[in-house]
Engineer: 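Quick one: this structure, given as structure tokens, is what I'll be asking you about.
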Amino acid sequence: MSVMSREVNTVMKLRTLGRHGKEGIKNLGRNGWMTFASISAVTVALILVGLFLSVMLNLNKIASEIENNVEVRVYVDRTASQADQQQLKEKLEKVKDVKSINYQSRKEGLNNLIDSMGDDGDVFASLKKENPLPDAFILKTEKPKQTLTVANTVKRYPHVSEVRYGKGTVEKLFKFVDIARNIGVVLIIGLLFTSIFLIANTIKLTIVARRKEIEIMKLVGATNSFVRWPYFIEGLLLGVLGSIIPIVLVTLGYREIYLRFSGKFESFFIELVPYNTMSFYLSLLLLLIGAVIGVWGSVSSVRKFLKV
Amino acid sequence: MIEMKDVWKAYPNGVMAVNGIDIHIEKGEFVYIVGPSGAGKSTFIKLMHREVKPTKGKILIEGIDITKLRNRHVPKVRRKLGVVFQDFKLLPKLTVYENVAFALEVIEEHPRYIRKRVMDVLDLVKLKHKARSLPDELSGGEQQRISIARSIVNNPLVVIADEPTGNLDPENAWGIMEILEEINESGTTIVMATHNKDIVNTMKKRVIAIEGGMVVRDEQRGEYGYEA
């Protein structure tokens with residue numbers, strides 16, 4: 001008996017879900033212009049969010065690449081012997097905050113330089129005969145910001161001819177990325193709240209007209225969730241429909257930019273997020289954000305009317 | 001079956017609508033709630049289906065204290081009650097049939113049961129032939145019969161009616177009373193707030209008079225007791 005009734009229950013729930021879906025879709029049509037207004041609000045907000053997101057994702061990538069690449073190069077005096085170098089290495093290993101030490105011989109150094117220049121690197125090929133570069137230890141620190149102290153400590157060691165760690169530029173870059181990230185987050189959150197507010201208000205207008213219906217539903221014993229479901233679905237649809245145009249625009253736009261500019265910045269060690277990855281994440285994010293703000297806006301506006 | 005124990009209700013604006021009511025209504029009774037305007041009748045009705053909560057006191061329906069009920073359990077109590085309003089509260093865009101079926105859809109009854117039950121109830125209020133009409137196409141009396149049909153479609157223990165004949169002419173009012181009496185005879189308790197002297201005096205049922213938020217009279221086979 002209990003199994004039977006449970007089965008009946010499941011069937012009823014599916015049927016009820018069908019009813020809610022139908023109601024939700026019907027509501028979209030019934031409130032034609034309001035629906036249009038809500039979708040437009042989501043669309044505009046999501047286009048902007050999409051733009052910011054693509055910029056921010058790139059900034060993030062650049063920032064983390066820089067962070068991984070921040071290093072201290074310790075150039076060894078050309079007169080230092082093998083034993084001197086070994087001694088220096090042991091000393092370097094004992095410096096606080098140093099995560100790893102790589103030895104780069106002058107030959108490797110030149111090859112790396114030529115490789116990193118791509119086609120232009122051929123110019124340096126002639127230097128192979130008389131390599132002007134010194135041998136070097138490349139130190140990585142636990143945190144990018146420790147490079148400064150490490151560099152200052154190491155500078156005074158014997159047989160060190162020069163220490164480089166991208167003085168100044170690294171700090172400025174970090175600051176820039178931090179600020180840009182914060183501005184982006186604030187703008188995106190602002191935009192999202194604006195569109196939630198717009199949706200909530202649009203739906204509230206349509207609910208006022210349906211207030212009587214909700215009141216009667218509650219009086220004949222409908223649960224709050226029963227009343228809420230159609231609005232949930234309506235909001236979800238508004239959000240998802242509103243995210244279509246932004247997804248198409250932003251992914252196509254990004255593709256255009258990516259194809260035009262990728263590779264152009266390589267000499268600055270900057271690479272854009274690949275087109276495929278980007279469009280996948282952007283589409284997913286925009287769809288998700290659209291759905292969430294739609295549902296949020298819609299469901300939050302019913303709450304007030306449920307207190308019967 | 002319905003019990004109010006020392007029930008008080010003060011509205012946030014300071015109005016003391018109900019001031020210490022104790023009553024007991026048995027299953028199958030037919031009770032009139034009478035009293036001058038502003039005496040607290042509507043609040044009394046609203047307290048019974050928990051449209052408002054009392055500031056103090058207990059309200060028991062079938063032994064369950066509905067004042068202590070959590071919000072999410074309120075629907076369960078409401079399903080045992082049928083409510084009829086002076087202004088009918090029908091949904092204008094739905095047909096007569098849909099308006100009645102609505103009450104069963106909301107509590108997720110099976111469609112086949114809904115079809116049969118709705119037609120049975122429409123038959124009871126003698127409006128089966130108007131099933132496909134919209135509420136606006138019906139007279140006031142007919143609309144109130146639809147609203148009664150909706151209130152009893154889920155087989156409630158109690159029908160609570162707030163001035164159901166208030167907007168109707170005498171002929172239609174009597175039609176409504178006939179239906180309510182029929183429902184009462186089948187065992188459903190009926191609690192009806194009214195201003196209609198003729199109806200109360202003719203029907204000879206229990207009368208509870210409320211004045212200033214207090215019960216001032218409670219008589220079996222009572223009279224209206226006020227000038228109409």
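Quick note: numbers below take in every heavy atom, side chains included, and nothing from hydrogens, waters or symmetry partners. Everything numeric here is computed off the predicted structure, so don't read it as measured data. Within every chain, numbering begins at 1; the chains are lettered A, B, ... in the order of the sequence lines, protein sequences first and strands thereafter.
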Engineer: When only pairs under 4.5 Å are counted, which of B/G82, B/S151, B/P111 shares the most heavy-atom pairs with chain A?
Structural biologist: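 The residue among B/G82, B/S151, B/P111 with the greatest pair count is B/P111.
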Engineer: Between CZ of B/R78 and CE of A/M217, what distance do you get to the nearest 0.5 Å?
Structural biologist: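 Separation between the atoms: 13.0 Å.
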Engineer: Counting heavy atoms not belonging to B/K76, are there more than 12 under 6.0 Å from its NZ?
Structural biologist: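 No, the 6.0 Å shell around NZ holds no more than 12 heavy atoms from other groups.
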Engineer: Can you measure from CD (A/E215) to NZ (B/K89) and round to the nearest 0.5 angstrom?
Structural biologist: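 Taking CD in A/E215 and NZ in B/K89, the distance rounds to 4.0 Å.
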Engineer: Quick check on B/L90 against chain A: is it the side chain, the backbone, both or neither that has a heavy atom closer than 4.5 Å?
Structural biologist: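 Backbone of B/L90 only, per the 4.5 Å heavy-atom cut-off to chain A.
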Engineer: Got a sec: does the CD of B/E178 have more than 12 other heavy atoms crowding it under 6.0 Å?
Structural biologist: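 Check fails, neighbour count at 12 or below.
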Engineer: If the test is side-chain contact (heavy atoms from CB on, under 4.5 Å), which one of A/V220, A/L219, A/T223 qualifies with B/P75?
Structural biologist: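 Exactly one candidate clears the test, A/T223.
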Engineer: Within a radius of less than 6.0 Å around NZ of A/K61, do more than 12 heavy atoms belonging to other residues, nucleotides or ligands occur?
Structural biologist: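 Counting neighbours around NZ of A/K61, more than 12 heavy atoms of other residues, nucleotides or ligands fall under 6.0 Å, so yes.
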Engineer: Within a strict 4.5 Å, meaning less than it, do heavy atoms of the A/I216 and B/R150 side chains meet?
Structural biologist: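 Of all side-chain heavy-atom pairs linking B/R150 with A/I216, at least one is under 4.5 Å.
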Engineer: Please name the pair of heavy atoms, one in B/V106 and one in A/A222, separated by the smallest distance, quoted to 0.1 Å.
Structural biologist: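 Smallest interatomic distance, heavy atoms only, reads CG1-CB, 2.8 Å.
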Engineer: If I take atom NZ from residue A/K218 and atom NE2 from residue B/H49, how far apart are they, to the nearest 0.5 angstrom?
Structural biologist: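 Going from NZ on A/K218 over to NE2 on B/H49, the span is 12.5 Å.
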Engineer: Would you indicate whether B/L134, at its atom CG, is surrounded by more than 12 heavy atoms from other residues, nucleotides or ligands within a distance under 6.0 Å?
Structural biologist: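 Yes, enclosed.
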Engineer: Can you confirm whether more than 12 heavy atoms, excluding those of A/F197, are under 6.0 Å from its CZ atom?
Structural biologist: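 Result for CZ/A/F197: open.
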